[in-house]
Amino acid sequence: MVKQLAWGISILFHPLLMPCYMLILLMLINPYLFGISSVAEPEGRRLILLIFLYTFFIPAVSITVMYFLGMLQSMSMPEKQERIGPYLITGMLYIWIFYNLYKNGQAPMAYTGFMLGTVIGLFLAFLVNIFSKISVHAVGMGGLVGMVFISMLFFSYGTFTMDMPGGGSYEVSVALLLMLSILLAGMVGSSRLLLKAHEQADVYGGYAVGFIAQIAAFRILF
């Protein structure tokens, strides 16, 4: 039961889903950056769908094809050598996404910066992977924590209003959101350790890489 829960957490917070989670969080914190007043608006849902398609669906399909072609022994890629191909495919696609966001202005600069942080984190993880099997789950969660931290500290977002499906709205503190993201990062890291997918150093190193990548991207763009 515990291992099943760990697998569920690992899937729910898969690193390929982090760009979507970052987008949704930024839309919740300040939807007006995207020219909308709520995530539920058609324009908001359309952008989320596009980011999901390019950052999760296409890389996931590419990795699945590699598996069925015998280029990967397992979808979980337990050996670091197996991760080289998926790293490169995903990295090239994410660079293309960042370039289009940056040049065409399809998203506010804040999200473009977070996407650059994701690209930097991915390639740093690729370099570290040469020597050690760094946890990409931890890299993703470290980036998510970094995104919330930057939103609170540098973009001066103290609170945001969340509209509930049943009606009514609630003021949510970004500081509380930061604590929640740290808690979730701990849960994901613990799940990876419980499944014996990584050593502690791989998880802690992943957190550091993801967080530092977001800070570096912020410094580059802002």
Separation between CD1 of Ile89 and CD1 of Ile84, rounded to the nearest 0.5 Å: 12.0 Å
For Glu41, side chain to side chain donor-acceptor pair (under 3.5 Å) partners two or more places apart: Ser37
Spacing of Ile182 atom CD1 and Met187 atom CE [to the nearest 0.5 Å]: 14.0 Å
Co-members of the apolar cluster containing Leu194 [side chain, <4.5 Å]: Val2
Pairs satisfying side chain to side chain donor-acceptor pair (under 3.5 Å), at least one member in residues 84-95, at least two apart: none
Minimal non-hydrogen separation, Ile36 against Glu43, with atom names: CG2-CB, 3.9 Å
Hydrophobic cluster membership, Tyr32 vs Phe34, 4.5 Å side-chain cutoff: no
Cluster overlap Leu5 with Val188, hydrophobic side-chain contacts below 4.5 Å: yes
Single-linkage hydrophobic cluster Phe68~Met71, side-chain heavy atoms < 4.5 angstrom: yes
Any side-chain heavy-atom pair of Ile120 and Leu116 under 4.5 Å: yes
Evaluation steps, side chain to side chain contact (heavy atoms under 4.5 Å, CB included), between Ile29 and Leu177: CA-CA 10 Å; Ile29 293 172; Leu177 187 61; 4.1 Å; yes
Qualifying residues under ring-ring contact (aromatic ring centres under 6.0 Å, His included), relative to Phe98, sequence neighbours excluded: Tyr102
Which atom pairs, one a donor and one an acceptor, fall under 3.5 Å between side chains of residues 122-136 and the rest of the protein, sequence neighbours left out?
{"unit_1": "Asn129", "atom_1": "ND2", "unit_2": "Lys80", "atom_2": "O", "d": "2.9"}
{"unit_1": "Ser132", "atom_1": "OG", "unit_2": "Asp202", "atom_2": "OD1", "d": "2.8"}
{"unit_1": "Lys133", "atom_1": "NZ", "unit_2": "Pro78", "atom_2": "O", "d": "3.0"}
{"unit_1": "Lys133", "atom_1": "NZ", "unit_2": "Ala197", "atom_2": "O", "d": "2.8"}
{"unit_1": "Ser135", "atom_1": "OG", "unit_2": "Ala138", "atom_2": "N", "d": "3.1"}

Euclidean distance, Ser151 OG relative to Leu28 CG, rounded to 0.5 Å: 11.0 Å
Distance-only donor-acceptor hits, side chain of residues 8-26, under 3.5 Å, sequence neighbours excluded:
{"unit_1": "Ser10", "atom_1": "OG", "unit_2": "Ala6", "atom_2": "O", "d": "2.9"}
{"unit_1": "Ser10", "atom_1": "OG", "unit_2": "Arg192", "atom_2": "NH1", "d": "3.1"}
{"unit_1": "His14", "atom_1": "ND1", "unit_2": "Leu16", "atom_2": "N", "d": "3.1"}
{"unit_1": "Tyr21", "atom_1": "OH", "unit_2": "Leu12", "atom_2": "O", "d": "2.6"}

Shared hydrophobic cluster, Leu33 / Phe222 (ILVMFWY, side-chain heavy atoms < 4.5 Å): yes
Heavy-atom side-chain contact between Ile48 and Met27 under 4.5 Å: yes
Spatial distance of atom OG1 (Thr112) from atom CE (Met109) [nearest 0.5 Å]: 5.5 Å
Ile150 with Leu153, same ILVMFWY side-chain cluster at under 4.5 Å: yes
Residue list, side chain to side chain donor-acceptor pair (under 3.5 Å) with Ser173, at least two apart or on another chain: none
Residue pair Trp96 / Leu93, side-chain heavy-atom distance below 4.5 Å: yes
Nearest-0.5 Å distance that lies between atom OH in Tyr99 and atom CE in Met115: 16.0 Å
Could you give the side-chain donor-acceptor pairs of residues 203-221 under 3.5 Å, partners two or more places apart or in another chain?
{"unit_1": "Tyr207", "atom_1": "OH", "unit_2": "Ala185", "atom_2": "O", "d": "2.4"}
{"unit_1": "Tyr207", "atom_1": "OH", "unit_2": "Gly189", "atom_2": "N", "d": "3.4"}
{"unit_1": "Gln214", "atom_1": "NE2", "unit_2": "Phe114", "atom_2": "O", "d": "3.1"}

Side-chain donor-acceptor contacts of residues 49-64 below 3.5 Å, not counting sequence neighbours, with atom names and distances?
{"unit_1": "Thr55", "atom_1": "OG1", "unit_2": "Ile51", "atom_2": "O", "d": "2.5"}
{"unit_1": "Ser62", "atom_1": "OG", "unit_2": "Ile58", "atom_2": "O", "d": "2.9"}
{"unit_1": "Thr64", "atom_1": "OG1", "unit_2": "Ala60", "atom_2": "O", "d": "2.8"}

For the student: nearest non-hydrogen atoms of Pro86 and Met66, plus distance: CD-CE, 3.8 Å
